[in-house]
Amino acid sequence: MLQGSEELRFCKARRTAIEGEFSHLNPEQRRAVLATEGPLLLLAGAGSGKTTVLINRVANLMKYGRGSDCDEVPGWVTAEDLAFLEDYAAHPTEEGRARAEQLCKVDPAVPWSILAITFTNKAAGELKDRLERMLGPSANDIWASTFHSACSRILRRDIDKLGYDTSFTIYDSADAERVVKDAMKDLRMDEKAFPPKSILGYISRAKDAMKLARDYAEECAKSGDYRLQRIAQVYTEYEKRLKAANALDFDDLILRTVLLLRQDEEVRTYYQRKFRYVLVDEYQDTNNLQYQLASTLAGGYENFCVVGDDDQSIYRFRGATIENILSFENQYHGCRTIRLEQNYRSTQNILEASNAVIRNNQGRKGKELWTDQGAGDKVQVYTAMNQDDEAQYVAAQILAGFSEGCRWKDFAILYRMNAQSRELEMAMKRNGVPYRIIGGTRFFDRAEVKDMLAYLCVVNNPGDDLRLQRIINNPPRGIGAKTVETAQILAARNGLSLWEVVSDARRYPDLQKAAAKLGAFAELIRGLRKAAGEMPLTQFYEVLCADSGYAVALEAKDTVEDRTRLENVRELGSSIQSYLENAEEPSLSGFLDEIALYTDLDNHDPSEDCCVMMTMHSAKGLEFPVVFAVGMEEGIFPGMRAIGDEEEMEEERRLCYVAMTRAKQRLHMTCAAQRMLYGRTSANRPSRFLGEIPPERVERSGRNPLSMGYEGRLTESDWRPERETYGGGEKRPPVGGYASGRPSVGYDKGYTAPAAPKVPPVKLPGINARPPAAPLPDFQKGEMVRHKAFGKGMILSIMKMGGDALVEVAFDNVGTKKLMLKSAAQYMEKL
Ligand SMILES: Nc1ncnc2c1ncn2[C@@H]1O[C@H](COP(=O)(O)OP(=O)(O)OP(=O)(O)O)[C@@H](O)[C@H]1O
Ligand SMILES: [Mg+2]
C-alpha cells in the first residue's frame, strides 16, 4: 500500500522535473532531447537549435538517463502509466509490482559513457563549457572533443596492437611535408613536376578511402598511370618513414583508429561497450573516415545521434560528403528523423534574406525556416568606393554600435579569404577598435609577410642584422646556419654589422667555403638597393618578389596553403600601394615606419572583450549580434573558381548562407566598386548573392547601387569581373611567396632596429605628383576631447608620422588608447 504511493510520488516528481528542465525547448527539440535510445538524425537549418539540442541531450542522459523518452521507449512515465500507478497505489497486486518497479528504474548515464564530437577545438571547448555550466564538474569526464583528439586518446591506450609505441608523435602538416620532400629526394623526383603538397593531397585522399600504401600502390599499378605510380612510391616511402619515427599525421590518427577498431575485437568491444551514447555535431561536414569512426564507435548500442544541415556543408574540398547525412536514414533502419523549423537566432529580415539566397541551390532537401522574432533591421548593403572605404565603414559602424552600448565582442567581421583581413585590421587599429583574428594569424604577423618586410628592411638598411638573418637563407640558398654563426662571430669580433662581413666574405678565411654563396647574396641585395632607387616602390616590390627567389620557390605549388601565402605576399603590395596613395612624401623607410607604427597602435589584450575577424568557414556554428560579411563581389565571393562551375557555385552559396545566418540582429554586407587585392586593382561587380536577396529586405547605402548593376537578372557573362588593372605598371605582378616551414626569427614587437646604419638609406625617386594631402586636424597635447564612442578624455601626446599622426588619449572610461589622428578626428571634438 505504502509502497505503491511512494512509487506514484516518485514518478510524478520525475515527470515534473523533466518537464521543467526542458520546458525552454519547443516540442520537437524536446523530443530530440528525450528520445535517448537508437539512431537519431536531427536535420535542420541554421540557428534552429541543433547544437542546443545536442547539449541538452547530454544533460538529460546524465541527469535522467535512459527511459525518459516520451512515448516510444518503455520506462517513461506517460499519463497512462500515472493512471496505472494511482490504481496500483490503491490496490497493490503482485503483477502490478513488476510494472511499478520498472517505472521507477532510474538509469542515468555516467559521463565517460558519452562521446560528443564537434569539428573545431573552439566548438569542442564551447561544448565543454556549456555542459559544465549545466552539470557541474562531472561534465569534465564526458568525452567532448574533436575527431582528432578522441582518436589520439584511443590510440595512446592501444596503438601498440598495431605495432606502434604508445608514445607516438603527431606530425603536423609542415612535418608531413618535410617527410614527403625527403622521400622524393631519395626517389629522385622533381618538386616542380610533383609538388609535395599535391602529393600530400593524394595521400590524404587515399587514406580517406582507407587505403594504406600497399593497397594504393596496387591500385595505381593497375591503372597503368605513371604519375600515379610515382605518387604511390612516395606514399610507400612516406608511410615507412612515419612508422620508423613512430609518428602519425592527422589523417593517420583517424585511419589507424578505424583500423585498430576493425582488427582488434577486444578493443572494439571495449569502446562499443563504453560509449553508450555517441553524438556528432556538424555531421554534414564529415568525410568518409570520420563517418567510419563514429559509426564503429556507436556500433555497440547504436545510440547514435547526428546533427547537421545539408545547406551548411562547406568542406567538400576536404573530402566531406553530404552523402553521409543524406544516407543516414538508409544506413540506420528504424532511425528517427527529427526536423526543426523554427529559427531562434535571427530576425525575420535576416532569415528571409538567407532563405532567399539558399533557395537558388538545386541539389538540396528543401526546407524553410521561420522565426517569431520581429522583422528587425533590414539587411544593410553598403557599396564602398574601394577597400579602404569599406574597412572604414565597418569600423564606423562598430564605433557607433559601441557608443550605443554594444560590447566589442558583439561584432564579427567575416571574409572569404584571409588576405582580405589586412585593410580591415588597419582600420580597426586606426580607430582604436580592439580585435582578434580567429583561426589565423594577424596579417603583419604572418611568416611570409614578415619575410617580405624583412627584405624591405634590409634593402632600406642592410645593417639590420636581425632581418638579414631572417632572409639570408630564405628561400634556401645553401647558406647554412653554421656559416651565419661564423659570420656573426666575425662581425662581433671586428665591431662590424653582419652585412659588412657577409658582403665582404672573401676577406675572412673562416668564410672561404661559403664565400661564393655569400657573395651572390650580397650581389642580390646590392642589386635590389639599386633597383629601389630607380623605380616606384610598387614596381620595386614586384622586382623584389621575383629576384629574391621567393616566388620561384612557390610557383609550381598549387595547394590551399601556398595559395594563401602567395596571396598574402601580393597583399603586402596592396599595402604599399595604398601607402603611396596617401603619403605626402613617400619613401621606403616611411612605409616601414608606418607599418611599425601600426604595430605599435595595437595595445589591447586579445583575451579581453574585442570584436572578432575570421573567415566564413571558421564562423560555422557561431553566432553574433552584428555580422559584417565583407567583399561581396563577383570574383571574390563567389570566387573566380566557382564562376562557371555549378557545383562549386553551390558550395559558395552554402557558405554565403552560413555567413548570413551567423547574424542575430543586424547583418551588414559590403562590396567595393574598386578593390585592390594581391597588389592589383580590379573593378568587380557586386556578388550575385546580393542580387538574390529580395529588395524589400535590403537597405542600400554608399555608392549609387543602380549604376552597379544590382537590379534585374543578369546573365553569366554580365557577372564576369571587368578587366583588371595592375598597380605599379603594365606588368602582371610576379607570383611571389615562399612557404617557410621553419620557425620565424626575430622581428618581434619590442625589437629596436640596430643603431646608425653604416650604409646610406635608399632614396626613392619622385613619385607622380598627387594632390597635397589634407592638413592634419588641429588638436594639441593636453587638450580635453570628447570621442563619440570612447567618451571624454585628454590628449597625452601627438606624434607626427608621414601624412598622419599617432595620438594618445587617456579616456575616462576606456583607458588610454592610441589612435590615428585623421581617423579619430572624425569622431572627436574639443571640449
Ligand atoms: N527553444 C529555444 N528557445 C529559445 N532560444 C533557442 C531555442 N533553441 C535554440 N535557441 C537559441 O537559438 C540560437 C541558435 O541555436 P543553436 O546554435 O543551437 O542552433 P544550430 O541549429 O546549432 O545553428 P547552426 O546551424 O548555425 O549550427 C542560440 O542562441 C540558442 O540559444
Ligand atoms: Mg550548431
Side-chain angles (χ1 to χ4, degrees), residues 19-34 40-60 116-131 133-134 144 146 279-286 305-315 320 322 325 337-348 350-351 354-355 357-358 364-365 367-374 376 409-410 412 414 614 616-627 629 654-667:
E19 272 170 2
E21 178 101 27
F22 302 109
S23 61
H24 61 290
L25 301 177
N26 70 33
E28 281 307 288
Q29 290 178 324
R30 209 151 45 225
R31 197 158 87 86
V33 166
L34 298 178
L40 177 99
L41 168 64
L42 182 59
L43 184 61
S48 57
K50 297 184 296 297
T51 305
T52 307
V53 163
L54 194 130
I55 286 163
N56 281 279
R57 219 175 130 79
V58 173
N60 174 56
I117 297 182
T118 61
F119 260 77
T120 58
N121 286 322
K122 185 169 165 57
E126 225 155 76
L127 193 66
K128 271 193 187 146
D129 285 352
R130 282 173 75 174
L131 285 170
R133 257 178 275 137
M134 283 180 93
T146 59
L279 307 94
V280 181
D281 199 359
E282 309 281 4
Y283 191 66
Q284 75 277 1
D285 284 326
T286 46
C305 165
V306 304
V307 166
D309 176 6
D310 51 320
D311 284 336
Q312 292 185 69
S313 163
I314 51 174
Y315 280 105
I322 286 193
I325 202 159
T337 302
I338 296 181
R339 288 170 206 276
L340 306 174
E341 272 150 14
Q342 182 170 1
N343 170 297
Y344 290 95
R345 180 179 292 148
S346 314
T347 63
Q348 210 169 342
I350 294 172
L351 190 62
S354 324
N355 281 344
V357 169
I358 196 67
R364 62 188 289 258
K365 282 192 169 186
K367 58 180 165 351
E368 296 277 305
L369 290 169
W370 61 277
T371 175
D372 65 6
Q373 300 194 31
K409 64 173 176 223
D410 292 341
L414 310 181
M614 69 190 101
M616 294 172 174
H617 276 100
S618 23
K620 191 172 66 150
L622 308 178
E623 61 185 22
F624 305 90
V626 185
V627 167
R654 289 192 292 270
L655 186 58
C656 184
Y657 177 73
V658 168
M660 292 173 77
T661 52
R662 299 308 98 200
K664 293 165 87 167
Q665 283 143 28
R666 217 173 151 94
L667 171 63

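Nothing fancy with the numbering, it's 1 onward along the sequence. Start at 1 and go down the list; that is how both ligands and their atoms are numbered.
For a threshold of 3.5 Å applied to N or O pairs, the pair formed by G47 and ligand 1 contains at least one separation below that value. An N or O contact shorter than 3.5 Å is missing between R130 and ligand 1 by distance. Between G49 and ligand 1, a contact under 3.5 Å exists for at least one N or O pair. Ligand 1 has no N or O atom lying under 3.5 Å from any N or O atom of K664, backbone or side chain. Geometrically, ligand 1 and D309 share no nitrogen or oxygen pair separated by less than 3.5 Å.
Annotation for D285 and S313: closest pair OD1-CA, 3.4 Å, computed over non-hydrogen atoms. Minimum interatomic distance between E341 and E368 (heavy atoms only, all atoms of both residues): CG-O, 3.8 Å. The minimum heavy-atom distance linking L42 with K50 is given by the pair CD2-CA, 4.0 Å. What you find for K367 and D309 is that their closest heavy atoms are NZ-OD1, 2.6 Å. L622 approaches F624 most closely through the heavy-atom pair CB-CE1, 3.8 Å.
Partners of K664 according to the salt bridge (charged side-chain N to carboxylate O under 4.0 Å, His left out) rule, which considers only residues two or more places apart in sequence or in another chain, are E623.
In the vicinity of H24, heavy-atom distances shorter than 4.0 Å reach the ligand 1 atoms 1 (N), 2 (C), 3 (N). Interface of R662 with ligand 1, defined as ligand atoms under 4.0 Å from a residue heavy atom, comprises 26 (O). For ligand 1, the atoms closer than 4.0 angstrom to any heavy atom of G45 are 21 (O).
Nearest to atom 28 (C) of ligand 1 by heavy-atom distance, out of E126, K50, R345, E623, is E623. Here the shortest heavy-atom distance to atom 15 (O) of ligand 1, taken over T52, T118, D311, belongs to T52.
For the Mg ion (ligand 2), the count of nearby protein N, O or S atoms, meaning those under 2.8 Å away, is 1.
We find the OG1-CD1 distance between T286 and I117 to be 10.0 Å, quoted to the nearest 0.5 Å. A distance of 10.0 Å separates CD of E21 from CG of L34, quoted to the nearest 0.5 Å. Between the OG1 atom of T118 and the CD atom of E282 there is a distance of 8.0 Å, given to the nearest 0.5 Å. The line from CD of Q665 to OG1 of T347 is 8.0 Å long, rounded to the nearest 0.5 Å.
Between D311 and R654 there is no salt bridge, since none of the side-chain N atoms of the basic residue sits less than 4.0 Å from a carboxylate O of the acidic one.
By the 30° and 60° cut-offs, the orientation of the rings of Y315 relative to F119 is parallel.
Under 4.0 angstrom from ligand 1, there are no non-hydrogen atoms of Q342.
Counting protein heavy atoms only, atom 10 (N) of ligand 1 is closest to Y344 CB, 3.5 Å. With hydrogens left out, the protein atom closest to atom 8 (N) of ligand 1 is Q29 NE2, 3.1 Å, a heavy atom. When only non-hydrogen protein atoms are considered, atom 27 (O) of ligand 1 lies nearest to G621 CA, 3.7 Å.
Contact between K620 and ligand 1 is absent, with no heavy atom of the residue lying under 4.0 Å from the ligand. The shortest separation from a heavy atom of A44 to ligand 1 is not under 4.0 Å, leaving the residue out of contact.
For the residue pair D281 and T51, a side-chain donor N or O sits within less than 3.5 Å of a side-chain acceptor on the partner.
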